[in-house]
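Before any comments, here is the structure.
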Amino acid sequence: MTLQRTQDILADLIAFETVSADSNLQIISYLRDRLQALGARCIETRDDTGTKANVFASIGPDIPGGILLSGHTDVVPVADQNWTSDPFLMTEKDGRLYGRGTCDMKGFIAAALALAETLDARKLTQPLHFAFTYDEETGCLGAQNMVNDLSERGIVPDIAIIGEPTEMCLIEGHKGCYEYTTRFVGLEGHSSAPDDGVNAAEYAARYVGKLLELRQILKSRAPTSSPFEPPWTTINVGFFNSGVAHNVIASKADVGWEMRPVQASDADFVKQTLSDYVTQGLLPEMQAVHSEASITQDITAEVAGLEPMEENAARKLVAELTGANGTGVVSFATEAGLFQQLGTHAIVCGPGSITQAHKADEYVEIEQLDLCCRMLDRLGQRLTS
Ligand SMILES: [Zn+2]
């Protein structure tokens, strides 16, 4: 019963063209309306433009804790992909449901909503929460906004299940993904008088040197039992743009770089070390020649990692619900790390395979959706008995 309802809801969800660049307000109001019809308490948060929204909804008793089911509503673009069928019209074929977002990750959202609609919310012994977000694919911006809001309100679910496609396997860890562009502004001048200018390219090069030094240090900071490959936090310099001519002192330089931390303490260490290096080293030197010289940083993404924990109530619960033994880690980032930072025990487990996501002819196997529905049905039984 839940499976059929899930498929029906999924067809509706696929029809909303929620590519990350576009508004997701329609799908959010669809989800909110259906949850409100069940008596859910809903909190909406929006981005600065007002065109993207999250909804956090709760059913059952209005008490602390509870279980959270989480999914992002945005999908990756279909432009330049060669689809056999209309990506925004769910199509069933050979036991598979095709459409953009079937696997990543509207299938899980549909199953979560179907659970809510089949449960008797009055019998819930603890709250059941739903977190549906925007802009996951562009850096988990929606979830960050939602988690900040929940933190201010003091709402901290005990357990979060993030239904990214893992083929219903338990994923208890992933690295974080922090992306920055560091911008250097110096003072232009003739190359024959280097001391009269402030060469942004040279200061940026020293900054890159510091990044490479940190990259080496991070190898020695890896936790002894780190399950990741490689086991340490990595740093990559992705681009370095600067200069106009051989004989001109470069007045501007941009360095685009990222780190993938295995633990939050590494990210803090890198940020603090770089901040000290800039404020006590590079910047005073630049400003001694030209007071308006500057070093600024754009944050493209700061997606927290999901750190494997010795005690993880989410892992224990979902292992019991699915019968899965063993857990793993993945190389892609999810919203789970943000919920972990909120103080919630988090696990990633959802229908479909990441290898079917982001491609033309994205699909989810109906069997996978069925497994997900069974897991959620068992969760519903547990929460109402
Ligand atoms: Zn996803």
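These values consider heavy atoms only, across backbone and side chains, with no hydrogens, waters or symmetry-generated copies. All values derive from a computational prediction rather than experimental measurement. In each ligand, atom 1 is the first atom listed, and ligand 1 is the first ligand listed.
Using a 4.0 Å cut-off between charged side-chain N and carboxylate O, Arg46 and Asp149 make no salt bridge. Classification of Lys316 and Glu320 as a salt-bridged pair holds, one side-chain N sitting under 4.0 Å from a carboxylate O.
The cluster map of Ile, Leu, Val, Met, Phe, Trp and Tyr, joined by side-chain heavy atoms under 4.5 Å apart, puts Met309 and Ile159 in different clusters.
Phe130 and Phe56 have their aromatic ring centers separated by at least 6.0 angstrom.
Under the 3.5 Å distance criterion, the side-chain polar atoms of Arg315 are left unmatched by any main-chain donor or acceptor of Ile347.
Counting only distances under 2.8 Å, and ignoring water, the protein N, O or S atoms around the Zn ion (ligand 1) are His72 NE2, Asp104 OD1, Glu164 OE1, Glu164 OE2.
For residues 133-187, every residue pair satisfying the ring pair (Phe, Tyr, Trp, His ring centres under 6.0 Å) rule, not counting sequence neighbours, is listed here: Tyr180-Trp257, Phe184-Tyr207.
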